[in-house]
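Predicted model, so just to flag it, every value in this text is computed and none were measured. For ligands, and for the atoms within them, numbers begin at 1 and follow the listed sequence.
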Amino acid sequence: MSSLDETHCRLARQIGYDVKSEDMQPNNEKQSEAIKQALKSRFSLIQGPPGTGKTRTGMKLIILFNRINLKHREEGGDHKLVVYCGPSNKSVDLVAKWMKIHIPDLCPKIVRMYGNSMENMMYPIPNREYINQRSCKDNRPDSDLADISLHNLIRNKENPYAEKLAMFEKQFKNSPDDIATQDILKYKKAISMATQEELKKYDVIFCTTAAALSPKFLRATDGKIFQLIIDEAGMCTEPETLAPIIATKADQVVLIGDHKQLQPIILCQEASDLGLSKSLFERYADSAVFLDTQYRMNPKICEFPSTQFYKGRLKTGPVGKWTVKKPLQIWKRPDVPLLFCHIEGEEECLSVSTEEGNQQSRSNRAEVDHVVKVYEYLMSHDKMDWDDVKVMSQYNAQCFAIRDALKKKGLINSDVTTAVSSQGGEWDYVIFSAVRSLPKFRIESNRNKGWCKKNLGFITDAHQINVVLTRARKGIIIIGNKNLLQCDETWEALIKHYTILGCMVNAEDQDLTPLERPGRRY
Ligand SMILES: Nc1ncnc2c1ncn2[C@@H]1O[C@H](COP(=O)(O)OP(=O)(O)OP(=O)(O)O)[C@@H](O)[C@H]1O
Ligand SMILES: [Mg+2]
């Protein structure tokens, strides 16, 4: 890639590398370096381990890029746009919402563009099935963003095509069986024209990497996109990253992500073996600026992931959300908020129904019971709220079983989550159930890869382990069979670390009797 033109480099120097706001802390050294690098390069990468301010840095970039574009326009340049995208609607919604709600004064003119299937859910075209009903329940346009969602804006009376669209939609509703293909083509053309008109009014567009490829969007923005930011780029396949870069013809590209957390999910094993699970971000990761200070986790929680996944480079910020008034009574050492409860349960193989269909999954009754005991203990002894504790497992069947057991005890209103869906989230305390288990006599001393794969499965995925271990601010409790888990090298290192810290306990030796608190369901 050639270097950035002198005008943009000059404008970048003029506007500076930080955004002053009460709601956003000033940059730390690495965040400043990352922003500076992004502002003066045509292609740059920012690697941010958990809680290091990736999303904050991304938001500041949006604001700064927009300031540059506005200045450029003042000097006689064309109207240029910033596009912020990511692989999932959830991540894009989160950032758009945060900017809209928390920093309204600093927030540029933003618009949220959903993909066709989401738009058609709100404005259906007769006789077309766009998405299966099961997945659409949780996959609707965010209602908090309704006022800045493109599909609503083009239907506002200010848009010159709104009336035409309303006319078609009335016809679709009243006589769905009489719609000719020609009508649908005309309707789509009107949407495309309305989009072109509407996007002229905005400076920053939020969409997924897939939606950034839609022809109507590309037609409306042709030659206008200067900066493209792709967040969560460690989770995007190479084509998912490359396609928007090429299609938008952006002059400046920033990839933000962390290839040590979840990789792209590739269902086809062959494609994965051929390299599709390696993101473009990972290929270029050596040239990324590394955000080295995290603000989420207690330093003791950060220690292991830092050593194991980030070569010890991840530091803890001077202040953070992990501060506690009083350590929990469950800890073996009051100064170390970590605990591994060893238990030899029995695995069960089950079929569970998920969004992707029926899947083979596993659960472990003894671990379910122990999770419930620990949960109940925390609620009664430490007067916690439901929302303070997140229960996680990598297996859907175990998540179902734990949710069920907690519900039966009247103990839960929040969800139990898989490691995969917890990425990006954070909670005060995490209880993790490992599930996989074998009695000691069945654990072979000469183990090969096949044996480990069969008996440990994907709980050895270092990317998932990293995500699990970096969600908690104040403490983690792991429930699992240490004899089996230590057959994997990451788990072995963790068990060694917890042993040195004195945080290993046999589940059966724990006294987890809940306090009697008459009249109150925790
Ligand atoms: N320079 C800073 N000084 C103090 N606090 C900061 C700084 N940068 C970020 N934070 C805080 O760190 C927390 C995490 O920030 P953010 O959500 O942007 O991180 P992230 O890297 O995107 O996390 P995740 O891994 O969950 O995606 C926020 O609460 C933010 O307030
Ligand atoms: Mg983030």
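Here the options are E426, K474, R296, the test is side-chain contact (heavy atoms from CB on, under 4.5 Å), and the partner is K321; only E426 passes. When each of V374, N364, L339 is paired with I479, the side-chain contact (heavy atoms from CB on, under 4.5 Å) condition holds for V374 and for no other.
Only the side chain of K321 comes within 4.0 Å of ligand 1, counting heavy atoms alone; its backbone N, CA, C and O stay farther away. The side chain of Q31, and not its backbone, has at least one atom closer than 4.0 Å to an atom of ligand 1 (non-hydrogen atoms only; side chain from C-beta on). Contacts of Q25 with ligand 1, taken as heavy-atom pairs under 4.0 Å, involve the side chain alone. Of the heavy atoms in Q294, none comes closer than 4.0 Å to ligand 1.
At least one N or O atom of G53, backbone or side chain, sits closer than 3.5 Å to an N or O atom of ligand 1. Where the criterion is an N or O separation shorter than 3.5 Å, residue side chain and backbone included, N27 fails it with respect to ligand 1. When only interatomic distances are considered, the shortest N/O to N/O separation between T52 and ligand 1 falls below 3.5 Å. Annotation: P26 places an N or O atom under 3.5 Å from an N or O atom of ligand 1; distance criterion only.
Excluding water, every protein N/O/S atom under 2.8 Å from the Mg ion (ligand 2) is given here by residue and atom: T55 OG1.
Ring geometry for F309 against F304 counts as perpendicular: the plane angle is over 60°, on a 0 to 90° scale with 30° as the lower cut. Between Y498 and F340, the ring planes lie perpendicular to each other; the angle is over 60°, past the 30° to 60° tilted range.
Against a heavy-atom cut-off of under 4.0 Å, N28 is close to the following atoms of ligand 1: 1 (N).
D203 contributes atom CG, which lies 6.5 Å from atom CZ of R73 (distance to the nearest 0.5 angstrom).
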Go through it in stages, so that I can follow the logic: the residues are D258 and K260, the test is salt bridge (Lys or Arg N to Asp or Glu O under 4.0 Å), and I'd like the CA-CA distance, side-chain angles, deciding distance and then a yes or no. CA-CA 5 Å; D258 180 15; K260 296 291 177 185; over 6 Å; no

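A donor-acceptor contact shorter than 3.5 Å links the side chain of Q423 to the backbone of L262. At distances below 3.5 Å, not a single donor-acceptor pair connects side-chain atoms of H151 with backbone N or O atoms of E119. In this structure, the side chain of T221 does not engage the main chain of K224 through any donor-acceptor pair within 3.5 Å. Listed for the S393 side chain is a donor-acceptor partner under 3.5 Å among the backbone atoms of Y395. Between the N152 side chain and the A146 main chain, a donor and an acceptor come within less than 3.5 Å of each other. A distance-only check finds a donor-acceptor pair linking the side chain of H79 to the backbone of Y202 [under 3.5 Å].
Using 4.0 Å as the threshold, G424 has a heavy atom nearer than that to some atom of ligand 1.
Closest to atom 22 (O) of ligand 1 among all protein heavy atoms lies T55 OG1, 2.6 Å. Scanning the protein heavy atoms around atom 7 (C) of ligand 1, the nearest turns out to be Y295 CE1, 3.4 Å. Nearest protein heavy-atom neighbour of atom 20 (P) of ligand 1: K54 N, 3.5 Å. Regarding atom 23 (O) of ligand 1, its nearest protein heavy-atom neighbour is G51 N, 3.2 Å. Counting only heavy atoms of the protein, atom 24 (P) of ligand 1 lies nearest to R296 NH2, 3.4 Å. For atom 18 (O) of ligand 1, the nearest protein heavy atom (residue, atom name, distance) is R56 N, 2.9 Å.
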Could you list the donor-acceptor pairs under 3.5 angstrom formed between side-chain atoms of residues 489-496 and any protein atom two or more places apart in sequence or on another chain?
unit_1	atom_1	unit_2	atom_2	d
W491	NE1	I459	O	2.8

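Under a 4.0 Å N-O distance rule, the pair D93/R112 qualifies as a salt bridge.
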